[in-house]
Trainee: 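I have a structure here, written as structure tokens, and I will follow up with some questions on it.
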Amino acid sequence: MSSSVTAPDRAASPATGAVVAVLAFAGIVVSLMQTLIIPLIPQLPTLLNAHASDTAWAVTATLLAGAVAVPVMGRLGDMFGKRRLLFVSLALMVAGSVVGALSESLVPLVVGRALQGLAAGVIPLGISIMRDVLPREKLAGATATMGASLGVGGALGLPVAALIAEYADWHLLFWISAALGVIVAGLIVVTVPESEIRTGGSFDTVGAASLSIALISLLLAISKGSSWGWTSSTTIGLLVAFVLSLSFWGWWELRTGQPLVDLRVSAHRQVLLTNFASVVFGFSMFAMTLVFPQVLQLPVATGFGLGRSMLVTGLVMAPSGIVMMLVAPISSRITTTKGPKTTLMIGAVIVSVGYVFGVVTMSEIWQLVAISSIIGAGIGMAYGAMPALIMGAVPPSETAAANSLNTLMRSLGTSTASAVAGVILAQMTITMGSAEVPSHAGFRVTMAIAAVSALIALALAAFLPRFTPSESTVTANAQDPDAASLARHR
């Protein structure tokens, strides 16, 4: 499948720095939506006069909506214009933020959170725009920065959201989100050009529907399985629905002329292994987010808890996001000189080292800051390399769809981490008064599994195609789709 319009001359592109800064800022704002409500979770039952099991949908709704939106927005971006779909995504986020800001009960809040989740396609769309409009020599650094924004927003959002939740009306969180969405949209109007690379054609409605059913079934089973029961008829039914709908989706995508996701391209070794590595890296990244806040906030009487507030917890987690952004230039340089495969492998080693450090010691705040910063550095390296690997193996006309699938794989990894850690921490407990709380051993086991998952990513990366000079600048040339085609079959 080739683009219907050739790419513009990249040398004529407007200010590279402004384009990168605005798109990275957009990524940070959208990723903030993932952690926006975390400080409010303990208070939601009281604030909304609802049961705790029901208020959990304020988190689940965003997860499910994002999973559906990412592949759909990617494909629509390839068809109708990535910048145009950026505006659609941001409009949905702003609308969801306003609904959340006006909500006083559970249902409108869940609706608002779902609308916010529909903006999840902004990061893969932004990376794809960069490929189309930036000079090739700037692309590795730009995509590394954009990839890092996924972690930066999540890490920095915690202390900001905690501060507002503790000292102001919780609705302010959503008003600020709406304002940030409007600001980002305005900056995009001024600085970001539209890519002229389009696939055209018709949208694969059957493929989108079947994939959405598969993703929703899987994520519901993962996120709610512990509360519903892993052997309950509901959980098992969802898993069966996942298998059936995913099987149908794969059958359909291989037979339709204009698929939502080109599985033949996705089966290329470089794309396939990168996506598998993304799943386990998503697991590694989220394990830290699950463990550290609990260790920080559990009472000192447990013998390992630090008895700190959510605000302090957010401040401890924030440096990891800053480190992710700081390592983006390093990730870019390694990708340019040694190839994205090397960058990904280095990132995997660093993440594993960070988690091993966490297994050994988590007794002081400075230790948690150091561990999260080490892990953040590794995640930043890896997330900077993944778009380069994907774009080095797909044609320009399929960039947004391919990057969206890669982003989706990371999300599946984080969802799996939540389920696995939830099971471990629910089984390995100690008694505090009349309550059961996770044990120190449970946290260590979770960290050890995250370290192993990073080593699995390292092993997967080792089987990626070897580096060649043409890969150093994220090889596929938007002005020469045939070059990308050759790269895919190397």
Trainee: Looking at Q116 and G96, would you say the former's side chain and the latter's main chain have a donor-acceptor pair under 3.5 Å?
Mentor: no

Trainee: Measure the spacing between CD of Q297 and CZ of R308 and express it to the nearest 0.5 Å.
Mentor: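 Result: 11.5 Å between the selected atoms.
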
Trainee: Determine, step by step, whether M33 and S177 satisfy the side chain to side chain contact (heavy atoms under 4.5 Å, CB included) criterion, reporting the C-alpha distance in whole Å, the side-chain angles of both residues, the deciding distance to 0.1 Å, and the verdict.
Mentor: CA-CA 8 Å; M33 299 306 105; S177 300; 3.5 Å; yes

Trainee: What's the separation between atom CG in L311 and atom OH in Y167, rounded to the nearest 0.5 Å?
Mentor: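 L311 CG to Y167 OH: 6.0 Å, rounded to 0.5 Å.
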
Trainee: F174 versus V99: any side-chain heavy-atom pair under 4.5 Å?
Mentor: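 The answer is no; the side chains never approach within 4.5 Å.
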
Trainee: Please indicate whether F276 has more than 12 foreign heavy atoms, meaning atoms of other residues, nucleotides or ligands, lying under 6.0 Å from its CZ.
Mentor: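 For F276, atom CZ is not crowded (no more than 12 foreign heavy atoms under 6.0 Å).
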
Trainee: Identify, with sequence neighbours excluded, every residue that meets side-chain contact (heavy atoms from CB on, under 4.5 Å) alongside I456.
Mentor: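 If we apply the side-chain contact (heavy atoms from CB on, under 4.5 Å) test to I456, skipping adjacent residues, the hits are V280, V452, L460.
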
Trainee: For side chain to side chain contact (heavy atoms under 4.5 Å, CB included), just list the numbers for L92 and M73, CA-CA rounded to whole Å, side-chain angles, deciding distance to a tenth of an Å, and then say yes or no.
Mentor: CA-CA 12 Å; L92 290 169; M73 290 298 186; 3.8 Å; yes

Trainee: Quick one: CG on L109 to CH2 on W170, what's the gap to the nearest 0.5 Å?
Mentor: 5.0 Å

Trainee: When rounded to the nearest 0.5 angstrom, what is the spacing between CZ in F357 and CD1 in I375?
Mentor: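 Nearest 0.5 Å value for the CZ-CD1 distance: 10.0 Å.
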
Trainee: Quick check: does any side chain N or O of T416 sit under 3.5 Å from a backbone N or O of L412, one acting as donor and the other as acceptor?
Mentor: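 Here the side-chain-to-backbone pair exists.
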
Trainee: With distance as the sole criterion, is a donor-acceptor pair present between the side chains of R113 and T62 under 3.5 Å?
Mentor: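 Side-chain D/A pair, R113 to T62: present.
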
Trainee: Can you tell which of V70, N275, I390 makes a side chain to side chain contact (heavy atoms under 4.5 Å, CB included) with T407?
Mentor: V70

Trainee: Quick one: does any side-chain atom of T145 pair with a main-chain N or O of A328 as donor and acceptor, under 3.5 Å?
Mentor: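 Checking the backbone N and O of A328 against the side chain of T145, no donor-acceptor pair under 3.5 Å is found.
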
Trainee: Which heavy-atom pair separates V192 from R83 by the least distance, and what is that distance?
Mentor: O-NE, 2.5 Å

Trainee: For a side chain to side chain contact (heavy atoms under 4.5 Å, CB included) with V394, tell me which candidate from V271, N403, D262 qualifies.
Mentor: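 Result for side chain to side chain contact (heavy atoms under 4.5 Å, CB included) with V394: V271.
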
Trainee: Which distance, rounded to the nearest 0.5 Å, do you find between the CD1 of I164 and the CG of L173?
Mentor: 5.0 Å

Trainee: Answer yes or no: are there more than 12 heavy-atom neighbours, outside F463 itself, under 6.0 Å from its atom CZ?
Mentor: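 At most 12 heavy atoms, drawn from other residues, nucleotides or ligands, come within 6.0 Å of this atom.
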
Trainee: So, D204 and R75, do they make that salt bridge, N to O below 4.0 Å?
Mentor: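 Salt bridge: no.
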
Trainee: Decide yes or no on side chain to side chain contact (heavy atoms under 4.5 Å, CB included) for V206 and T256, but give the supporting numbers first.
Mentor: CA-CA 10 Å; V206 174; T256 186; over 6 Å; no

Trainee: Using the rule given for side chain to side chain contact (heavy atoms under 4.5 Å, CB included), can you reason through R269 versus L272, listing the C-alpha separation, both sets of side-chain angles and the distance that settles it, and then say yes or no?
Mentor: CA-CA 5 Å; R269 181 173 55 154; L272 186 65; 5.9 Å; no

Trainee: Taking side-chain contact (heavy atoms from CB on, under 4.5 Å) as the test, write out the residues that go with A462, two or more places apart.
Mentor: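 Testing A462 for side-chain contact (heavy atoms from CB on, under 4.5 Å), a comparison that skips the adjacent residues, returns M345.
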
Trainee: Using 0.5 Å steps for rounding, measure from the OG1 atom of T313 to the CD1 atom of I365.
Mentor: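 Result: 8.0 Å between the selected atoms.
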
Trainee: Measure the shortest side-chain to side-chain distance between V19 and P193 over non-hydrogen atoms and say whether it is less than 4.5 angstrom.
Mentor: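 Yes - at least one pair of side-chain heavy atoms lies under 4.5 Å apart.
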
Trainee: Could you pull out all residues at least two apart from L220 that satisfy side-chain contact (heavy atoms from CB on, under 4.5 Å)?
Mentor: W57, T60, L64, I216, K224, W228, L238

